[in-house]
Protein chains: 2
Amino acid sequence: MNERHETPEPETPEPMSETRLTELLRRAGLRPTRQRLALGQLLFGSGDRHVSAEALHAEVEAAGESVSLATVYNTLHQFKRAGLVRELAIDGSRAYFDTNVSNHNHFFIEDAGELMDIDSGSIRVDGLPEPPEGMRISHIDVVVRLVKA
Amino acid sequence: MNERHETPEPETPEPMSETRLTELLRRAGLRPTRQRLALGQLLFGSGDRHVSAEALHAEVEAAGESVSLATVYNTLHQFKRAGLVRELAIDGSRAYFDTNVSNHNHFFIEDAGELMDIDSGSIRVDGLPEPPEGMRISHIDVVVRLVKA
DNA sequence: TTACATGCAAACTGTTTGCAAATAT
DNA sequence: ATATTTGCAAACAGTTTGCATGTAA
């Protein structure tokens with residue numbers, strides 16, 4: 001396992017050429033294999049996305065590429081280590097990955113298990129208490145849970 | 001935006017008599033069995049608590065009462081349905097239950113997997129965007145993740 | 001007495017891992 | 001050539017469930 005920890009690429013969304021994708025992977029220290037290119041295309045080829053491993057696996061199969069579920073998991077974790085995706089703790093029962101790695105928050109539609117970004121500018125959190133001695137804040141997650149009105 | 005299902009009684013923390021606990025369970029429509037009394041004592045007998053099922057099981061065994069893990073799970077869910085505890089989505093790998101069912105937020109110490117309440121008054125969230133059509137906000141979770149400084 | 005609760009082990013879900021075969025450089 | 005990556009199936013953790021037995025009312 002040799003991950004290169006570099007500043008995550010400000011990738012342009014929208015259909016990404018294989019060359020761009022290859023570059024992206026290379027810079028992350030990952031060989032551009034068929035599987036990683038297929039997953040990368042789905043993840044980074046069309047704006048910000050929220051996926052579970054299972055869902056991404058279904059998608060890649062539907063797209064005609066065969067990639068094992070284990071590889072989907074491994075790849076998502078490699079992408080995460082490379083800073084290309086962020087993992088979200090939303091719902092204990094499955095892991096969600098977000099291709100938007102910038103600072104932003106989420107709506108979560110409970111019944112549908114569906115996630116949506118909240119524009120980064122809108123929410124403001126203040127009145128934060130001091131973290132306990134010897135600790136620092138690494139990240140603040142805000143999840144706005146929605147139900148049918 | 002600060003919707004709350006009516007919480008069924010702000011029970012007094014601190015060592016709770018068996019009679020009080022029995023009452024509490026009765027009002028929740030739950031028979032005061034040995035197991036539920038033992039778990040209830042641990043959960044509601046000493047201020048606000050954050051527990052995983054596994055940890056609570058260890059505790060109750062350590063306290064000399066034998067309660068199966070399955071019963072711990074079942075009981076936590078019954079307590080949750082009764083509004084006596086709240087389940088937290090913090091970390092995909094295990095479920096945490098919080099005996100503080102009022103509106104408040106959390107510090108989460110990543111490495112230790114430890115949770116702490118943040119005083120309810122301190123954090124303020126504003127600039128919330130409108131929920132999508134036909135949806136309403138059921139709850140807002142704020143988790144402040146901490147790492148060693 | 002009877003409806004509810006428990007314990008056990010087995011089932012299940014989502015995720016991870018070990019290892020031989022395949023692939024990228 | 002060789003280091004990395006993959007797929008598979010088996011392992012795994014946490015959680016849930018079916019059912020016979022035990023218990024509260």
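Just so we're on the same page: letters track the sequence lines, and every chain starts at 1.
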Task: Axis bend over the full length of the helix from C:dT1-D:dA25 to C:dT25-D:dA1, computed from five pairs that close each end, to 10 degrees - done: 30°

Open item on the list: Categorize B:Ser93 for me: base, sugar-phosphate, or nothing, with a 4.0 angstrom heavy-atom threshold over every strand shown.
Closed with: sugar-phosphate

- [ ] Would you classify A:Arg31 as touching base, sugar-phosphate or nothing, given that sugar-phosphate means primed atoms plus P, OP1 and OP2, and contacts are heavy atoms under 4.0 Å?
- [x] base

Open item on the list: So, using side-chain contact (heavy atoms from CB on, under 4.5 Å) as the criterion, who are the partners of B:Ser66 when residues are at least two apart?
Closed with: B:Glu61

TODO: Tell me, please, which residues at least two apart from A:Ser52 pass side-chain contact (heavy atoms from CB on, under 4.5 Å).
DONE: A:Glu54, A:Ala55, A:Arg94

Write down the distance between [atom1] ([X]) and [atom2] ([N]), rounded to a whole number of angstrom.
X       : N      : atom1 : atom2 : answer
A:Tyr73 : D:dT6  : OH    : P     : 16 Å
B:Leu21 : D:dA24 : CG    : C1'   : 16 Å
B:Lys80 : D:dT15 : NZ    : P     : 11 Å
B:Arg36 : D:dT23 : CZ    : P     : 14 Å
A:Leu37 : D:dT5  : CG    : C1'   : 13 Å

- [ ] Give a yes or no on whether the backbone of A:Pro32 and the side-chain of A:Arg26 come within a donor-acceptor separation of less than 3.5 Å.
- [x] no

Open item on the list: Using a 3.5 Å distance criterion without hydrogens, assess whether the side chain of B:Tyr96 forms a donor-acceptor pair with backbone atoms of B:Asp91.
Closed with: no

Using salt bridge (charged side-chain N to carboxylate O under 4.0 Å, His left out) as the criterion, list what pairs up with [X], not counting sequence neighbours.
X        : result
A:Glu23  : A:Arg27
A:Glu87  : A:Lys80
A:Glu114 : none

Under the side chain to side chain donor-acceptor pair (under 3.5 Å) test, residues paired with [X] that sit two or more places apart:
X        : answer
A:Thr22  : none
B:Ser122 : none
A:Asp141 : A:His139, B:Arg145

TODO: Please identify each residue that fulfils ring-ring contact (aromatic ring centres under 6.0 Å, His included) with B:His106, with sequence neighbours left out.
DONE: B:His50, B:His104

TODO: Find which nucleotide of DNA chain D each of B:Glu54 and B:Pro32 is nearest to by heavy atoms, and output the residue with the more 5' nucleotide.
DONE: B:Glu54

Task: Neighbours of DNA chain C within residues 55-72 of chain A, by heavy-atom distance under 4.0 Å - done: A:Leu69, A:Ala70

TODO: Report yes if a side-chain nitrogen or oxygen of B:Arg34 is closer than 4.0 Å to either non-bridging phosphate oxygen (OP1 or OP2) of D:dT23; otherwise report no.
DONE: no

Open item on the list: Below 4.0 Å from chain A heavy atoms, what is the first contacting nucleotide of DNA chain C and what is the last?
Closed with: C:dG14 to C:dT25

